[in-house]
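Notes follow once the structure below has been shown.
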Amino acid sequence: MKILCVAEKNSIAKEVTNILSGGSSRTRDSSYKFVKNYDFTYNFPRLGQCQVTMTAVSGHILGTDFGPEYAWGRCPPGRLFDAPLVTKVAADKDKRSQKIHDNIVKESRNADKLMIWTDCDREGEHIGWEIMHIALLKNPRLNHLGTWRAQFSHLEPAHIVAAARDPKLLDMRLVEAVECRKEFDLRVGLSFTRLLTNVYKSRGLVGDKEVVSYGTCQFPTLSFVVDRYLRVKNFTPEPFWLLNVVVERNGQKVPFTWSRGNIFDKAFVAIIYTQLLRAPNDAKITHVGTSPTSHYRPFPLTTVELQKCCSLFFKMSAKRALDAAELLYTAGFISYPRTETDRFPANMDLLSYVNKQKQDAKWGAYALKLADSGAFRQPRAGKHDDKAHPPIYPVKYTKLDTLKPDQQKVYEFVVRRYLACCSDDARGFKSTVNMEWCKEQFSATGVQVTERNYLDVYIYQLWQSSQLLPDFQQGQAANIHSAKVKEGKTSPPEYMTERELISLMDVNGIGTDATIAEHIDKIIQRNYISRRKMGTKEVFIPTSLGVALIQAFDAILKDRISMSKPFLRRALEGLLQKIARGEITRQDVVNQLLPMYKEAFTETNRMSSLLADTFTETNRRISENT
DNA sequence: GCAAGGTC
């Protein structure tokens, strides 16, 4: 029997080959230089000894487009809402897709079975379907039932062997969901992009080579930055007043906080302040207490959390962090780095991965303590599960100095985060002292950390004991050292940072783990937003074009659906998940949602002069400001 | 010249 195996990328094909063949395989070139064909034999349970060829694609091979009669300029943009879709081999400049396509046709000709080894997520399932579709062109045996689907989520040998021995079928519901997404992104993206570009260009508002694009992910992303920018710009600071009281005890000066906090009425604070000053000996300690407090260990690691942490701890951009993680994954050191899951499956042997870290010079002693002296704890379980991949964890040990600098940081972080997850919470005590002075309440607090636990390995987080409070006694008079009225000002929100933008996109389902960083780059290229240094921080500021686009869309569609808010994309995502669960069909979704987009298009087209006017107006306002 | 999603 001959089996053709196809992975999503060459590095996976190579690694799976290594595992299944026990290291003895023959390598042949394919028509595409970054994809190899690996030949070996393997014993499949129901088939016996088989001749296996393992090859790969490089992401999607087929693309969805419109026919030539719907090219830019050949038809009104609105026609793209009902123009027929054409699926064909993607046209890329080095003919990569065509070469990969040809390799699959050739290698599948004599195969008895096709086995799909793409990533186990929605897009991976769709790529698997593309591969099957291509293989079926010249080999009728490789239909849906002749095609196996290997399910795996990391490259540990035992796991890969298990996947090879227990193949499933392709899940066509996932394939349908992806087809649906592609249809919406294409119809809406191209029609609005052509409309916007035509309008701005005909008024001479953008350069000849420029494109004013609309994308279902680009605009919600832009909208987050614009909303924040306007909130900062429109902010008016308000003054407030508060009381600062310092009590002296055993020679130690202890600041107390006023329970009323910041007050916006100056006269009110002044009245109370006068009362206090009239009765300097009236202050009394009313309560002294100590209660346990803790810092929870972190949740298991997701992609977005990885990107946020790398941005915060190492000042590494989302793109760089993911690139480093990807390399660590293909080298077999960490599990698949694109996951939304923040809970480990119940049956996973978590302790075995702790054991593998015992040998390290920096964190080995901690791992040893976790594993061998009963300090190991089952990690907390978050609420997210993508049903495809577990949280990111260190699969295999490696010495840091074998890795490149970015990978060192990311690997060390993944390990420390994992060990922290498997540790106990940090514990301590919080002491509170309450004081009453002329019926006003004040309090002072102190923290004592007694058990550091996970903090010892998760060195990125600080929790330290504060200065010890002196020995106050309940009922005792308090010796006021000083009392002052302080004036403050409310401060505006900060401009959007990359870390916050990633969070917002993630929460609202804008883009995927792998594309969030790209959407941000795209709207920078389009001159909708720009990066700017503010002190030590880097923030995003929208351009006048970016502000105008959002404001014009909001004005035109104020009573209809919003093209700039995340609502539509989120609604689509929810419906895609229903398709994936088999509750509705792709056609149901098209019938329900496409008319709403089309209506928004018609209205935008009708009021297109407003788009240009808003831009002219924003430009004028901003140049007046500067 | 246009989208978003894979991948390099």
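Below, read A as the first sequence line, B as the second, and so on, with proteins coming before strands; counting in each chain starts at 1.
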Any side-chain N or O of [X] under 4.0 Å from OP1/OP2 of [N]?
{"X": "Arg526(A)", "N": "dA3(B)", "result": "yes"}
{"X": "His519(A)", "N": "dG5(B)", "result": "yes"}
{"X": "Ser213(A)", "N": "dA3(B)", "result": "yes"}
{"X": "Thr515(A)", "N": "dG5(B)", "result": "yes"}
{"X": "Lys182(A)", "N": "dA4(B)", "result": "no"}
{"X": "Thr193(A)", "N": "dG1(B)", "result": "no"}

Can you work out whether Gly59(A) or Ser191(A) has the more 5'-proximal nearest nucleotide on DNA chain B? Ser191(A)
Identify which nucleotide among dT7(B), dC2(B), dG5(B) has an atom closest to any side-chain atom of Arg338(A), counting heavy atoms from C-beta outward. dT7(B)
So if I take every side-chain heavy atom of Cys217(A) and compare against dG5(B), dG1(B), dC2(B), which nucleotide ends up nearest? dG5(B)
Under 3.5 Å side-chain donor-acceptor pair for Asn605(A) and Thr602(A): no
Quick one: pull up CD in Gln307(A) and OG in Ser503(A) and give me the separation to the nearest 0.5 Å. 10.0 Å
Are Tyr336(A) and His389(A) close enough that their ring centers fall under 6.0 Å? yes
Using a strict threshold of under 4.0 Å (side-chain N to carboxylate O), is an ion pair present between Lys36(A) and Asp29(A)? yes
Send over the distance from Lys9(A) NZ to dT7(B) C1', rounded to a whole Å. 7 Å
